[in-house]
Amino acid sequence: MQPHSLPVPAPDGFATEICAGLTRPGQKELPSKYLYDEIGSALFETICVLPEYGLTRADVRLLHRHAPEIVSRLPLPVTVAELGTGSGRKTRWLLEALARRRPSCYCPIEISRSALAMCRRELGDIEAISIVGYEGEYLEGLAQVAARRRDGEHLLVLFLGSTIGNFERPAAVEFLCEVRRTLRAGDSLLLGTDLEKPVSQLLAAYDDPLGITAAFNLNLLARINRELDADFELTRFRHLARYNPVARSIEMHLRSTCRQTVTLHAAGLRLALDKDETIWTESCHKYAAGEVSLLAAQAGFRCEAQWLDQEWPFAESLLMAE
Ligand code: AVJ
């Protein structure tokens, strides 16, 4: 069966959000969700197989190992909605375990069209799973999935890969509250979170010797050049990854190596950067395993079960909407 796609109506906020971030007083910033155009998504796939970046392998190991138990804890029938799928590869085990119990619907929600296409190619062959993709923002897509559910059908929301780590801690709670508001009691959320580990290990994971993460980060400027007719000179910027011990996050920045001006022609913006000034592009927050259930409780979820990876500290938590 040919999976189909329902577009989520969303105005093109790209230019607006890029300009807002670059003209902020003080620290300039760019939204990390825009790292994932076609090139960014391909670079991220490569990051996921780097020896220094154990996060994705830990996530996949946990899902592979515990898929039958995760499914056995869910009230059926269930529709699975995934927020940000990437290639969709790690979701296979869960969907296969679910399909053995009951034919179900899988709704990937992705802002990146190329990731959505990758996900369809990757998971389209699983029998007894029908795919309905949503191209758009997480909460808008989720609201549409929730609006289309049938009577007696539960929802399982997947938020894997520690994408929640991109939020500051208070914003993470607020986001979980928003998710909870679209759910009913008895629905559930499977949340993947990367856990705290030695800083040296984290820095190696976010500043790999091959420079793939640097390319991933710099591609955001290249994307702005392509899409907003801008003239960022990529050789005048350096990738920077640093640990923020207060926020307990890895921060990614792009450091300007000289005093320079940049023009974003399509957005009508001219920008001045000082030598060593940085543009903040991403934060990746790290959690303590016990912290997840506290976070969840603040948002109206009860932690039903948690699975930990020993090799690369990472947690998969099954949270039930109360
Ligand atoms: C996709 C947000 C989970 O935080 O590790 C990887 C993104 N950035 N290397 C992460 C990322 C640089 C990743 N998340």
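Everything numeric here is computed off the predicted structure, so don't read it as measured data. We count ligands from 1, going down the list as the structure has it; atoms in each ligand are counted the same way. In what follows, residues are counted from 1 in the order of the sequence shown.
A cation-pi contact, defined as under 6.0 Å to the ring centre and within 45° of the axis, links R169 to Y287.
Looking at R181 and E174, a side-chain N of the basic residue comes within less than 4.0 Å of a carboxylate O on the acidic one, giving a salt bridge.
In summary, the atoms of ligand 1 found under 4.0 Å from a heavy atom of Y53, numbered by their order in the structure, are 5 (O), 6 (C), 9 (N), 10 (C), 13 (C). Of all the atoms in ligand 1, the ones that sit under 4.0 Å from a non-hydrogen atom of N166 are 2 (C). The distance from ligand 1 to the heavy atoms of F216 drops below 4.0 Å at these ligand atoms: 8 (N), 12 (C). Shown in contact with Y36 at under 4.0 Å from a heavy atom are these atoms of ligand 1, numbered in order with element: 1 (C), 7 (C). Residue C284 approaches ligand 1 through these ligand atoms, each under 4.0 Å from one of its heavy atoms: 4 (O), 10 (C). Close contacts between ligand 1 and M252 involve ligand atoms 12 (C) [criterion: under 4.0 Å to a heavy atom].
Looking at L55 against ligand 1, only its side chain comes within 4.0 Å, counting heavy atoms. In F167, neither the side chain nor the backbone holds a heavy atom less than 4.0 Å from any atom of ligand 1.
Residues N244 and S249 have side chains that never bring a donor and an acceptor to within less than 3.5 angstrom of each other. No hydrogens or angles considered: a donor-acceptor pair under 3.5 Å links the side chains of R270 and T263. Counted by atom type alone, S317 and Q306 present one or more donor-acceptor pairs between their side chains at under 3.5 Å.
Looking at atom 3 (C) of ligand 1, its nearest protein heavy atom turns out to be G161 O, 2.8 Å. Counting protein heavy atoms only, atom 8 (N) of ligand 1 is closest to E282 OE1, 2.6 Å.
Under the side chain to side chain donor-acceptor pair (under 3.5 Å) rule, E277 has a single partner from H253, K28, Q260, R259, which is K28.
Taken from OH in Y243 to CG in L202, the straight-line distance is 7.0 Å, to the nearest 0.5 Å.
Residues G161 and K90 share a closest heavy-atom pair of CA-NZ, 3.6 Å.
For the pair T213 and ligand 1, the shortest N or O to N or O distance does not fall below 3.5 Å. Residue-to-ligand polar distances place Y206 within reach of ligand 1: an N/O pair is separated by less than 3.5 Å.
No side-chain donor-acceptor contact under 3.5 Å links T56 to the backbone of C48.
Ligand 1 is approached by S162 to a heavy-atom distance shorter than 4.0 Å.
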